[in-house]
Amino acid sequence: MAERITPRSESYSDWYVDIVLQAQLADYSPVKGSMVIRPRGYALWEHIQRGLDGMFKETGHTNAYFPLLIPESFLKKEAEHVEGFAPELAVVTHGGGEELDEPLVIRPTSETIIWSMYKKWIQSYRDLPLLINQWANVLRWEKRTRLFLRTTEFLWQEGHTAHETEQEAREETLRMLEVYRTFAEEYMALPVLTGIKSESEKFAGAVATYAIEALMQDNKALQAGTSHFLGQNFAKAFDVQFQSRESTLEHVWATSWGVSTRLIGAVIMAHSDDKGLVLPPRLAPTEVVLVPIFRNKNKDQVVGAARGLFDELRTQFRIEIDDDENNSPGWKFAEWEMRGVPVRVEMGPRDIENGQVTLARRDTGEKEAVPTEQAAARIRALLDEIQRDLFERARVFREENTHHPATYEEFKALYNDGPGGFAVVPWDGDAATEAKVKEDTKATIRVLPFGNEEDAAGKTCIVSGKPAKHMAVFAKSY
RNA sequence: CGGGAUGUAGCCUAGUGGCUAAGGCGCCUGCUUUGGGAGCAGGAGAUCGCCGGUUCGAGUCCGGCCAUCCCGACCA
């Protein structure tokens with residue numbers, strides 16, 4: 001601990017790794033590409049789970065658990081799906097010391113095992129909709145890994161729903177995208193763009209993929225969550241039919257949607273600074289830390305008073321007290337700042353004499369003195385302010401880094417020598433055009449915003465000069 | 001899978017082929033301290049990534065292997 005964090009200006013990726021390791025969110029494990037999520041990191045995940053799970057329940061979903069191991073043949077039933085995931089699969093070939101008759105894949109996602117079960121559970125329209133979510137780990141063999149952002153094994157939630165009609169499934173897809181947007185903005189203080197993915201970026205096996213996309217401080221985009229309209233692809237692959245209200249036999253309409261521990265990486269990269277982690281209060285495992293400042297001669301008095309305040313505050317806040325005798329106040333300040341605790345309460349002899357405490361906010365470093373009896377009310381207000389300000393700062397950052405280049409030359413300059421960020425430009429809808437942009441600049445279409453077709457009317461593609469079909473948002477991405 | 005870098009105590013680093021592998025941080029014990037990363041004294045902690053070779057002698061030279069990180073092609 002107490003080690004230097006590489007400044008962002010020197011190396012953004014070193015800065016990120018330093019924060020994850022030093023704030024004790026995660027550590028490298030013995031297996032390449034996999035990581036240990038330490039208690040401080042897992043607490044963040046628990047908060048994410050709690051918030052999202054509540055929203056899933058409110059929208060009618062229930063949790064279940066499906067197995068880790070999937071027969072290899074299941075993956076092969078949906079052609080695009082298997083093609084998309086084949087390079088990332090880990091396969092179990094032996095069990096109990098013997099070679100298995102059929103290899104088992106470790107789930108990269110659970111559509112196939114779930115739809116094999118839905119076939120058993122769905123016979124009639126009365127069985128629909130079926131709205132199930134699971135919290136689980138999944139495995140995708142990654143060649144290039146980064147703590148939280150891309151690891152071989154990661155934790156996520158995957159919702160899998162079955163519906164009577166196409167319209168109902170499409171509504172569900174957008175409803176859950178909206179849940180993700182709300183969660184990102186209100187809990188994570190992370191402004192996100194929503195929209196549909198281009199063909200080349202969509203999920204293997206989906207008819208349409210929607211996503212929330214956020215902009216990180218290094219001006220690269222991060223896909224923070226996806227929601228897929230699966231059409232009848234999996235219902236047909238697994239022969240899931242139901243008897244309709246008109247007594248006809250129909251294939252079921254499906255969605256799936258997920259967010260992962262990548263969200264932890266997003267929240268780190270969006271808000272933190274060169275002193276360490278900065279967490280939005282609603283997500284912070286510890287909202288407040290109380291640091292008594294004492295000398296030997298007044299230790300009992302100061303710590304006693306601090307403990308009294310602590311007992312009062314703990315009924316309202318997620319709070320810790322640091323009355324360790326060996327570390328100096330300055331050391332503690334720096335340490336708790338590195339851990340990202342939003343509000344610090346300092347209580348020393350001078351404060352006690354004046355009947356006050358000193359409050360310091362993590363995001364700006366500002367300190368203020370407030371009468372002790374008003375501390376709780378002021379802390380509550382401060383936490384709200386910090387939550388709002390973090391979001392607002394991130395939103396302004398995104399606005400300032402969203403560009404509208406008029407020519408392809410300007411566009412290329414933006415990514416090749418320029419600052420990067422989002423670029424909103426007319427696009428002809430051709431995958432070849434998209435591929436050319438990627439080759440020239442490494443930027444890809446992050447999202448086609450809702451309503452973009454109308455905005456594109458009458459415009460010409462920035463690359464090909466052909467009539468534009470979409471207004472596309474490009475960025476380099478993680 | 002290509003390119004680059006690095007493996008010496010928990011972490012960071014020093015170490016001309018030659019004596020018992022050195023220092024800082026951290027850790028443990030005690031004392032002293034505490035309003036922005038304190039001080040003193042003592043202490044524990046190392047098959048120098050692994051295997052082989054050269055040599056009277058290898059942390060150091062040679063070969064192979066392994067691992068990790070960083071940069072590129074593929075991805076929540």
Side-chain angles (χ1 to χ4, degrees), chain A residues 1-6 11-14 16-18 21-22 27-35 83-89 107-109 136-158 180 197 200-204 209 211-214 222-228 256-266 275-276 291-299 302-303 322-338 344-354 357-358 360 365 367 369 438-439 442 444 477-478:
Chain A
M1 230 162 302
E3 288 173 27
R4 193 179 93 104
I5 293 174
T6 306
S11 166
Y12 191 82
S13 66
D14 287 350
Y16 174 77
V17 171
D18 285 349
L21 297 179
Q22 289 186 40
D27 206 348
Y28 292 105
S29 88
V31 177
K32 176 181 166 66
S34 60
M35 67 173 189
E83 192 184 329
F85 281 105
E88 303 178 53
L89 294 180
R107 64 178 162 222
T109 178
N137 57 340
V138 287
L139 203 90
R140 298 179 187 178
W141 213 259
E142 296 290 351
K143 288 178 176 162
R144 186 145 171 219
T145 60
R146 236 142 121 41
L147 293 166
F148 287 117
L149 299 176
R150 175 166 298 107
T151 47
T152 287
E153 179 188 3
F154 57 94
L155 304 183
W156 77 347
Q157 89 14 246
E158 47 180 327
Y180 289 156
K197 286 284 184 180
S200 65
E201 297 274 330
K202 89 177 183 196
F203 174 73
T209 290
I212 55 172
E213 290 275 334
L222 185 76
Q223 179 172 305
T226 50
S227 185
H228 314 289
S256 68
W257 27 274
V259 298
S260 70
T261 36
R262 171 180 271 192
L263 288 182
I264 296 173
K275 290 195 288 186
V291 180
I293 296 158
F294 50 84
R295 295 168 182 278
N296 269 347
K297 59 184 181 206
N298 58 24
K299 181 186 156 194
V302 173
V303 172
D322 185 355
D323 56 4
D324 182 281
E325 294 177 24
N326 291 309
N327 294 316
S328 68
W331 190 92
K332 292 177 186 176
F333 296 169
E335 187 65 16
W336 288 101
E337 280 164 2
M338 205 215 8
R344 179 176 69 245
V345 182
E346 303 171 13
M347 195 181 198
R350 288 208 300 271
D351 295 306
I352 292 173
E353 200 175 312
N354 298 326
V357 292
T358 301
K367 289 195 188 190
K438 186 174 181 182
E439 198 180 318
K442 296 194 175 72
T444 52
S477 73
Y478 277 94

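In what follows, chains carry the letters A, B, and so on, assigned in the order in which the sequence lines appear, proteins first and then strands, with residues in each chain numbered from 1.
In this structure, B:A46 makes no Watson-Crick or G-U wobble pair, since no nucleotide meets both defining distances under 3.5 angstrom. Under the Watson-Crick or G-U wobble criterion, with both distances below 3.5 Å, B:G35 has no partner in any strand shown. B:G2 and B:C71 make up a base pair, with Watson-Crick or G-U wobble contacts both under 3.5 Å. Across all strands shown, B:G10 forms a Watson-Crick or G-U wobble pair, both distances under 3.5 Å, with B:C25. The pairing partner recorded for B:U54 is none, the criterion being a Watson-Crick or G-U wobble arrangement whose two distances lie under 3.5 angstrom. In a base pair of the Watson-Crick type (N1 to N3 plus N6-O4 or O6-N4) or a G-U wobble (N1-O2 and O6-N3), with each distance short of 3.5 Å, B:G59 is matched with no nucleotide.
Across the P atoms, B:C50 and B:C11 are found 15 Å apart, a figure rounded to whole Å. Atom name C1', nucleotides B:G10 and B:U16: the rounded distance is 31 Å, in whole Å. B:U47 sits 15 Å from B:A22 when the P atoms are compared, rounded to a whole Å. Rounded to whole Å, the P atom of B:C71 lies 34 Å from the corresponding atom of B:A46. Nucleotides B:G49 and B:G59 place their P atoms 10 Å apart, quoted to the nearest Å. Nucleotides B:C48 and B:U13, compared at atom C1', are 13 Å apart to the nearest Å. Rounded to the nearest Å, the gap between the P atom of B:C61 and that of B:C19 is 16 Å. Nucleotides B:G45 and B:C28 are separated by 10 Å at their C1' atoms, to the nearest Å.
Phosphate contact (OP1/OP2 of B:G35, side-chain N/O of A:Arg350, threshold under 4.0 Å): absent. For B:C71, the OP1/OP2 oxygens have a side-chain nitrogen or oxygen of A:Ser13 closer than 4.0 Å. OP1 or OP2 of B:C71 has not a single side-chain nitrogen or oxygen of A:Lys442 nearer than 4.0 Å. Contact annotation: A:Ser328 reaches the phosphate of B:A38 (side-chain N/O to OP1 or OP2, under 4.0 Å).
In this structure, the nucleotide among B:G36, B:A76, B:U33 sitting nearest to the side chain of A:Ala334 is B:G36. For A:Asp351, the listed nucleotide lying nearest its side chain is B:G35; candidates were B:G35, B:A76, B:G36.
Judged by distance alone with a 3.5 Å cut-off, a donor-acceptor contact links the side chain of A:Lys367 to the base of B:G36. Within 3.5 Å, no donor on the side chain of A:Arg295 pairs with an acceptor on the base of B:G35, nor the reverse.
Nucleotide B:G37 holds its P atom 17 Å from the CG atom of A:Asn326, rounded to whole Å. Here the P atom of nucleotide B:C74 and the CZ atom of A:Arg140 are 17 Å apart, to the nearest Å. Rounded to whole Å, atom P of B:C74 lies 15 Å from atom CD of A:Glu83. One can place CZ of A:Phe294 at 14 Å from P of B:U32, the figure rounded to the nearest angstrom. Rounded to an integer number of Å, the gap from A:Asp322 CG to B:G35 C1' is 15 Å. Computed from coordinates, the A:Trp331 CH2 to B:G26 C1' distance equals 10 Å when rounded to whole Å. Note: CG (A:Asp27) to C1' (B:U68) measures 13 Å, nearest angstrom. Between the CD atom of A:Gln22 and the P atom of B:G26 there is a distance of 13 Å, given to the nearest Å.
Remark: side-chain polar atoms of A:Tyr180 are paired, donor with acceptor, to backbone N or O of A:Gly258 under 3.5 angstrom.
Of the two residues near RNA chain B, A:Asn296 and A:Lys438, the one whose nearest nucleotide lies more 5' is A:Asn296. Comparing A:Arg146 and A:Phe154 against RNA chain B, the residue whose closest nucleotide sits nearer the 5' end is A:Arg146.
The residue A:Tyr478 sits apart from the nucleic acid: no heavy atom pair falls under 4.0 Å. At the heavy-atom level, A:Arg344 lies under 4.0 Å from base atoms of the strands shown. Across all strands shown, A:Glu337 has heavy atoms under 4.0 Å from base atoms, whether or not it also approaches the sugar-phosphate. Heavy atoms of A:Lys275 sit nowhere under 4.0 angstrom from any nucleic acid atom. Using a 4.0 Å heavy-atom distance criterion, A:Thr109 is classed as making no nucleic acid contact. Base contact: A:Thr151 has a heavy atom under 4.0 Å from a base atom. At a threshold of 4.0 angstrom between heavy atoms, the contacts of A:Gln223 are confined to the sugar-phosphate backbone, with no base atom among them. Nucleic acid contact for A:Gly348: base, since at least one base atom lies under 4.0 Å from a heavy atom of the residue.
If you take OG1 on A:Thr444 and CD on A:Gln223, they are separated by 9.5 Å, rounding to the nearest 0.5 Å. Here the straight-line distance linking atom CD of A:Gln22 with atom CD of A:Glu335 works out to 9.0 Å at 0.5 Å rounding. Separation of atoms CG (A:Leu222) and CD1 (A:Ile212) is listed at 9.0 Å; rounding is to 0.5 Å. One distance of note links OG1 of A:Thr226 with NZ of A:Lys202; it measures 13.5 Å at 0.5 Å rounding. Atom CG of residue A:Asn137 and atom CZ of residue A:Arg107 lie 5.0 Å apart, to the nearest 0.5 angstrom. Rounded to the nearest 0.5 Å, atoms CD (A:Glu346) and OG1 (A:Thr358) are 5.5 Å apart.
Both the sub-6.0 Å distance and the 45° axial angle are satisfied by A:Arg344 relative to the ring of A:Phe333.
The aromatic ring of A:Phe333 does not sit over the base of B:G37; the criterion of centres under 5.5 Å apart with planes under 30° is not met.
Using the six-membered ring where Trp is involved, A:His228 and A:Phe203 have ring planes that are parallel, under 30° apart on the 30 and 60° scheme.
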